[in-house]
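Beneath this line is the structure, given in structure tokens, with notes to follow.
The chains referred to below are lettered A, B, ... by the order of the sequence lines, with proteins before strands, and numbering in each begins at 1.
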Amino acid sequence: MSEQTERVRKIRQLIAAHKRWDLFFSMLGLMALMVGVLTFTALFAQMVVDGLPRLSPDFFTSFPSRKPEQAGILSAWVGSILVMIVTAATAVPLGVGAGIYLEEYAPKNWVTDLIEINVTNLAGIPSIVYGLLALGLFVYQFGLGQSIATAGLTLGLLILPVVILATREAIRSIPAAIREGAYALGATKWQTTSHHILPYSLPGIMTGAIIGMARAIGETAPVITIGALTFIAFLPPPPVKAEAPFVSLEWLMSPFTVMPIQMFNWTSRPEAAFHHNAAAAGLVLVVMTLSMNAIAIYIRYRLRKRIKW
Amino acid sequence: MKDPLEIKALRLAIGSLLALVSTAAFGAQIVKIDGSSTVYPITEAVAEEFQKAKRGAVRVTVGISGTGGGFKKFCRGETDISNASRPIKKSEMEACRKAGIEYIEMPVAFDALTVVINPKNTWARSMTVAELKKMWEPAAQRKIEKWNQINPSWPDAPLKLFGPGADSGTFEYFTEAVVGKAKSSRGDFTASEDDNVLVQGVSRDVNALGYFGYAYFAENQKRLNAVAVVPAKGKPAVGPSAETVENGTYQPLSRPIFIYINAKSAKKSEVREFVEFFNKQADMLVREVKYVPLPPKAYAHNLDQLKAMTVGTRFGGESKVGLTIDELMALEAKL
């Protein structure tokens with residue numbers, strides 16, 4: 001009898017010890033999480049405290065100025081948005097096309113393997129390298145100059161691997177039965193892709209593309225390398241004209257600046273008031289990035305609801 | 001997407017964006033400027049005022065590629081004006097000559113390199129150039145690590161040095177003026193391209209010493225003290241200020257900073273007008289951005305040079321330490 005209670009006691013001890021470890025590990029995990037979350041919260045809070053008083057409608061509609069209280073981010077946010085349009089227009093079709101080809105069409109051989117490895121590696125290349133490539137290729141070789149088109153193409157190249165990988169992940173998550181069902185009914189490869197694969201993988205693709213864009217909007221190094229300007233007090237020509245053909249692409253060749261460059265310039269100025277401007281610009285940039293991510297989540301949620309397997 | 005409110009909001013947003021974008025004037029002439037970050041605040045101020053005065057008929061863009069990066073673009077003919085915190089170098093003169101680019105050299109302001117210490121540092125309020133040299137020369141590396149090694153009357157405390165990175169024009173001029181050879185410096189100091197980092201570093205450590213452009217000291221006078229410099233034995237120590245720089249007594253750490261104008265661009269009316277505006281407004285605008293303006297006759301001299309299209313540099317590819325503005329104006333420009 002006493003031997004049995006002894007055994008039960010030992011087992012209880014063992015369980016208690018394991019539970020302690022369990023608690024210990026969950027605490028450790030929580031701490032690891034908090035390091036990231038608290039750091040971000042502290043940085044964000046600091047930025048809000050410094051920058052919020054500067055956020056006014058004027059801040060968005062004024063050009064940069066030597067007087068910190070009159071300086072604004074008009075040329076920067078317009079530049080950022082125009083560059084993002086070019087980036088999206090190049091990276092999304094190219095990335096989705098490449099992803100579909102690799103997943104659906106490419107024969108399984110060593111050439112495909114090599115391409116796959118390279119695409120994965122490309123995602124890890126420092127962004128400055130893309131800047132140097134673009135300086136040689138787009139600015140001088142293609143003669144695009146220090147323009148919105150150059151910046152958009154450069155950032156498009158930068159996020160291309162992200163879009164390709166997201167597309168492939170999204171396609172892979174579609175059950176094989178869907179594909180086989182389509183083939184069984186006599187659909188061609190393209191019919192299968194356009195009627196089934198693409199619509200079902202769209203939420204994943206869109207999410208990947210927008211997250212890639214959110215990364216691109218904060219990039220500074222490659223944009224500086226290709227020669228974005230620091231002081232620019234005018235906007236690119238508008239994409240719409242009063243006379244025929246009504247659409248103008250002149251803005252593609254316009255000089256520009258973007259949000260991170262404006263911010264970077266303000267942080268390096270001696271006057272403290274400029275540092276507040278930088279914080280305010282940073283706040284706008286963070287909100288831009290977060291809202292892009294929010295849009296990605298919303299799109300995924302909306303589109304996923306429609307899919308019924 | 002069937003929700004009419006959603007569509008209305010979208011239209012409103014696009015409409016207001018287009019209205020905003022289309023308010024700017026188009027087909028305007030552009031003056032392209034790039035180069036040194038030291039000269040940038042001045043050029044930015046002039047560009048801002050010039051565009052206001054012209055009501056948007058002429059546009060000015062200013063980039064920051066550094067003096068060297070600026071000259072690279074300038075000698076490829078990509079920019080009209082290059083900001084430079086030092087005179088053009090031999091290799092850059094050669095590049096411009098090969099591309100057939102001639103230029104007009106104009107000093108536009110003084111920058112006073114300022115040696116700063118922590119306000120709690122009571123012992124090193126003034127220093128001789130020899131002491132600065134002992135502190136910064138390459139031979140000091142890992143040897144001079146305490147204040148009393150430089151001057152026995154200073155305390156036995158660790159010496160913490162802060163300075164700009166090796167790519168900056170400030171570094172180049174300081175080493176030339178203090179050590180005697182450009183870019184010749186000890187390497188074991190905290191270097192940063194961002195001068196605000198240097199300000200932070202020195203303001204937090206009693207035993208720290210650093211150097212950077214005067215504007216950064218002017219904005220942080222509560223947190224830093226400027227070291228008065230004794231230019232040579234027997235002479236009084238002089239601290240940096242608008243007067244001491246203007247009358248040429250703050251030596252050898254005050255230097256002129258320049259703009260270089262592409263001679264072909266200078267024939268275009270918008271560039272010519274910009275340069276004229278620059279020299280006429282310089283006195284006020286230079287003061288406003290915390291640099292020291294040149295005497296009025298120097299700006300008049302610049303305008304004469306523009307009128308006469310005097311091309312070339314007065315320095316022959318070498319930088320000269322301790323040059324007064326009168327001496328500078330007396331030199332003849334050569335390509």
Structural part of [X] lying under 4.5 Å from a heavy atom of chain A:
{"X": "Glu44(B)", "answer": "both"}
{"X": "Thr61(B)", "answer": "both"}
{"X": "Asp195(B)", "answer": "neither"}
{"X": "Val199(B)", "answer": "neither"}
{"X": "Phe212(B)", "answer": "neither"}

If you count heavy-atom pairs under 4.5 Å with chain B, which of Thr267(A), Ile232(A), Ile224(A) comes out on top?
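Highest number of pairs under 4.5 Å: Thr267(A).
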
Does any heavy atom of chain B fall under 4.5 Å from the side chain of Phe264(A), the backbone, both, or neither of them?
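Neither part.
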
Any side-chain heavy atom of Gln51(B) sitting closer than 4.5 Å to one from Phe63(A)?
no

Is there side-chain contact between Ile30(B) and Phe234(A), with at least one heavy-atom pair below 4.5 Å?
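Side-chain contact under 4.5 Å: yes.
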
Could you give the distance from [atom1] ([X]) to [atom2] ([Y]), rounded to the nearest 0.5 Å?
{"X": "Thr230(A)", "Y": "Asp34(B)", "atom1": "OG1", "atom2": "CG", "answer": "7.5 Å"}
{"X": "Ser268(A)", "Y": "Tyr216(B)", "atom1": "OG", "atom2": "OH", "answer": "5.0 Å"}
{"X": "Glu219(B)", "Y": "Arg269(A)", "atom1": "CD", "atom2": "CZ", "answer": "10.0 Å"}

Would you call Lys290(B) and Glu271(A) a salt bridge, taking side-chain N to carboxylate O under 4.0 Å as the test?
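A salt bridge is absent here (no side-chain N lies under 4.0 Å from a carboxylate O).
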
Are there over 12 heavy-atom neighbours, none belonging to Lys52(B), within less than 6.0 Å of that residue's NZ?
yes

Pick whichever of Glu49(B), Glu193(B), Lys32(B), Lys73(B) has the most heavy-atom pairs under 4.5 Å with chain A.
Glu49(B)

Step by step, work out the side-chain contact (heavy atoms from CB on, under 4.5 Å) result for Asn265(A) and Ile64(B).
CA-CA 9 Å; Asn265(A) 174 250; Ile64(B) 300 182; 3.6 Å; yes

For a quick test of reading the model, state the closest non-hydrogen atom pair linking Pro270(A) to Ala215(B) and the distance between them.
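Reported closest heavy-atom pair: CB-O, 3.7 Å.
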
